[in-house]
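One structure is given here, and the rest of the page talks about it.
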Number of protein chains: 2
Amino acid sequence: MATIYEVSKLAGVSLATVSRVMNNNVNVTDITRKKVMSAMTELGYRPNSIAQSLASNCSNSVGLLVSELSGPFYGPMMGGIENTFRDQGKHVIIAAGHSDKKREEQAIEFLISRNCDGLILHVEAVTDEYLIKLSKGKTPFVLLNRYISELAERCIILDNVHGGYLATKYILEQGHTDIAYISGPLWKKDAQDRLSGHKKALQEFNHAFDEQLLYEGDFMENSGAQGYTQLHNSPHQFTALICANDEMATGAMASARECGVTLPNELSIIGFDNVFFTRHVYPPLSTINYPIDEMGNMAANWILSNVYQKTTAELQTVFKPELIIRQSIIKHQ
Amino acid sequence: MATIYEVSKLAGVSLATVSRVMNNNVNVTDITRKKVMSAMTELGYRPNSIAQSLASNCSNSVGLLVSELSGPFYGPMMGGIENTFRDQGKHVIIAAGHSDKKREEQAIEFLISRNCDGLILHVEAVTDEYLIKLSKGKTPFVLLNRYISELAERCIILDNVHGGYLATKYILEQGHTDIAYISGPLWKKDAQDRLSGHKKALQEFNHAFDEQLLYEGDFMENSGAQGYTQLHNSPHQFTALICANDEMATGAMASARECGVTLPNELSIIGFDNVFFTRHVYPPLSTINYPIDEMGNMAANWILSNVYQKTTAELQTVFKPELIIRQSIIKHQ
DNA sequence: GATATAAATGTAAGCGCTTACATTTTATGT
DNA sequence: ACATAAAATGTAAGCGCTTACATTTATATC
């Protein structure tokens, strides 16, 4: 591979001049620029980005840590992020944390040791303290889907409380009074928030929250199925089921059908996240929209603005969930 | 950040020695190794991977190009790949090609200019010639889901012909004789192959292939819906529909239901790929399994073996599809 | 046209590592 | 104890760029 040195020789200029035409282009005569450019194309020169990084102390790479690379939730998020960055010549290095404290920490270390200029973190298991300490370090980062008051300006979140509220409110408005709830793991903030939104709506409608109708799942499909079975077999009746995410709702639907329950006639269900397959389940699942792609985009913009000093669209940190109505809920008489 | 130089000073050894303990560890006394190690931890030293790359001419990064970051197909593939690599201290740089020739080429250029040691390519639009030329270059790559005879040993593929054959054979065995087919875009090799598998099965059962019952889609959900509508409105009857992937099958199912067709009683459907949501659609979709995660894994192993000289499990290039039977198909009398 | 000023270009010192080669230390055999 | 080979360590030259600073060249001012 040709180096800058050969280009400079062929063009009859110095290294610095070649470097200048590669970069900001400031203070170079058109004529020398042309000489250099044609030398470059003649040699098929392409800058060595590693050497650039070392010399400039900027790797032009941003680290992206998600819980899983697969699954309906992260794909759109990554898509939005990659798109924004590649246009800017930045590249994204991905890692998966698998919702495990140790693996998340390792992944962050890994990304930092890779000289990422900035990090986009969707972490779940790592502690607030860890992140606060990390924020003192020299690698800037944004947090997706996590709120830490000390780091507020770098948290891009969904208003989960409001989302939980919207779901329950809609169910209540449809006349349901006996409502079961399958939550996420309650050590996770978003699971808590969605549940408190639920309680808030209940309170507003003067309905008591019934602990017996709560099942704590883990956001995975199976726990939805298990949760439903357990609730179904308890003495408590319910005509509507709220699930803290779509995966669990799907599991619950399968389980309900196995119990001989007709959907949606005998049981109304609502999920959360609006992952793309909710349209395909039967009956099509009502849910709460989580604009994860937009939020990924915003995270990318945050980095562009805070790390690379690019001017971007205005940064927004709190996103609003929206109710998506499909056929999985019926009016209760 | 501490550099190797400070470590060497604190440990009272030379740069080279520090470098040695970081690397192969060969020819270093235990005692000096310990001195160096403790100096490292004392300083919180972490090697600068950019400098390492420049000096060693190896970036420890591999580029991964997929068509989309989202969608049910690529997630599992990326997951398998990332997993394999991070264990080995390699990182993966991702890019999306969006099935567009120009964007795919750009992405490849980008990845190469990023000094990736190797590439895993899932490309669709780029020509064979381009790839053959690329193979003459210095960056090694594997191809996922694409076969080019000149590059056979670096193609990791599914036997799509056999997959198409299996699907059709099963439908035929269920007694169906009037079978519609929604294909992928026929400029894509996999779409062609699946269709020829279909024809092969037909022939084996002495059924003529009816051009009128073929619709060429684009592997996306909408085209499945459109395809179904068109086939439904044509004068030709059919009791079974084979779709070249699950997305189109899903679209066709929605469309069939809108046309008032009861599934699976009035129409049997089979898809292809076995993406995870096929279990959730209604009725659960029979399909052909595409072991994309394993194939991603294998691609990673290929790189490990061919680029990094690691010994890995034996490399396999052709994977076998399997029939997955669910409830979307009934026997035809 | 001489001088001051600005613009364009060149020079050379790093960025933080690896590694060929040189040198020193240690082990081995007699 | 000494020569010799082997092992451990040190020296220094890069890897391909960027950039502060120095120098040269063009432009403006009177």
Side-chain angles (χ1 to χ4, degrees), chain A residues 1-37 39-40 43-61 89 91 112-117 138-139 308-309, chain B residues 1-37 39-40 43-61 89 91 112-117 138-139 308-309:
Chain A
M1 206 51 163
T3 72
I4 197 178
Y5 175 73
E6 303 167 46
V7 174
S8 77
K9 223 165 54 176
L10 207 170
V13 299
S14 71
L15 292 188
T17 302
V18 177
S19 179
R20 283 189 191 101
V21 351
M22 284 201 294
N23 298 307
N24 22 0
N25 297 359
V26 80
N27 285 351
V28 190
T29 337
D30 271 4
I31 177 147
T32 65
R33 185 196 313 289
K34 256 174 210 145
K35 274 194 299 189
V36 172
M37 304 266 261
M40 282 177 170
L43 292 169
Y45 170 78
R46 322 156 99 309
N48 178 325
S49 67
I50 297 285
Q52 287 178 320
S53 296
L54 183 60
S56 66
N57 195 30
C58 164
S59 66
N60 283 312
S61 67
H91 65 231
I112 291 178
S113 81
R114 258 20 215 169
N115 289 67
C116 291
D117 299 328
K138 77 170 219 295
T139 308
Y308 297 114
Q309 283 76 277
Chain B
M1 206 51 163
T3 73
I4 198 177
Y5 175 73
E6 303 168 45
V7 173
S8 78
K9 223 166 53 173
L10 206 169
V13 299
S14 72
L15 292 187
T17 302
V18 177
S19 178
R20 283 188 191 102
V21 350
M22 284 201 295
N23 297 307
N24 23 359
N25 297 359
V26 81
N27 286 351
V28 190
T29 338
D30 272 4
I31 178 146
T32 64
R33 185 195 315 287
K34 259 177 208 140
K35 276 194 298 188
V36 172
M37 304 265 260
M40 280 176 171
L43 292 170
Y45 170 77
R46 320 156 100 311
N48 179 324
S49 68
I50 297 285
Q52 286 179 321
S53 295
L54 182 59
S56 66
N57 195 29
C58 164
S59 67
N60 283 311
S61 66
H91 66 230
I112 290 178
S113 81
R114 255 23 212 168
N115 289 68
C116 291
D117 299 326
K138 76 171 222 295
T139 308
Y308 298 114
Q309 282 75 274

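Letters go in sequence order (proteins before strands), and every chain restarts at 1.
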So what does [X] hit on the nucleic acid, given a heavy-atom distance under 4.0 Å: a base, only sugar-phosphate, or nothing?
X	result
A/S49	nothing
B/S53	nothing
B/V13	sugar-phosphate
A/T17	sugar-phosphate

So, is [X] close to the [N] phosphate, meaning a side-chain N or O under 4.0 Å from OP1 or OP2?
X	N	result
A/S19	D/dT18	yes
B/Y45	C/dC17	yes
B/T29	D/dT9	yes

Enter the distance from B/M40:CE to B/M22:CE here, rounded to the nearest 0.5 Å.
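That separation rounds to 5.0 Å.
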
Over all atoms of both residues, closest heavy-atom pair of B/A2 and B/Y45
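Nearest pair, atom of B/A2 first, then B/Y45: O-CD1, 3.3 Å.
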
Looking at A/Y308 and A/S61, what are the two nearest heavy atoms and their distance?
OH-N, 3.6 Å

Between [X] ([atom1]) and [N] ([atom2]), how many Å, whole number?
X	N	atom1	atom2	value
A/D30	C/dA8	CG	P	9 Å
B/K35	D/dT9	NZ	P	7 Å
A/R114	C/dG16	CZ	C1'	15 Å
A/R20	C/dG10	CZ	C1'	8 Å
B/K9	D/dT11	NZ	C1'	17 Å
A/Y5	D/dT18	OH	C1'	18 Å
B/I31	C/dT25	CD1	C1'	14 Å
A/I50	C/dT18	CD1	P	13 Å

CG of A/N57: more than 12 outside heavy atoms within 6.0 angstrom?
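At most 12 heavy atoms, drawn from other residues, nucleotides or ligands, come within 6.0 Å of this atom.
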
[X], nearest nucleotide to its side chain (from [options]):
X	options	value
B/L54	C/dT18, C/dG10, D/dG16	D/dG16
A/Q52	D/dT18, C/dT9, D/dA8	D/dT18
A/A55	D/dC17, C/dT11, C/dC17	D/dC17
B/S56	C/dT19, C/dT9, D/dC17	C/dT19
B/N48	C/dC21, C/dG16, C/dT18	C/dG16
A/M22	C/dC17, D/dG16, D/dT18	D/dT18

Return the 5'-most residue of the pair A/A2, B/N27 with respect to DNA chain D, ranking by each residue's nearest nucleotide.
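Checking each residue's closest nucleotide, the 5'-ward one belongs to B/N27.
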
Upstream residue (5' side of DNA chain C) when A/V28 and A/N57 are each assigned their closest nucleotide
A/V28

5'-most contact on DNA chain C: B/V18 or A/S14, nearest heavy atom basis?
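Here A/S14 is the residue nearer the 5' end.
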
Mind running side-chain contact (heavy atoms from CB on, under 4.5 Å) on A/I50 and B/S59 for me, showing each step along the way?
CA-CA 8 Å; A/I50 297 285; B/S59 67; 4.2 Å; yes

Does A/R114 reach the side chain of B/N60, with side-chain heavy atoms less than 4.5 Å apart?
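Heavy-atom side-chain distance check passes, below 4.5 Å.
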
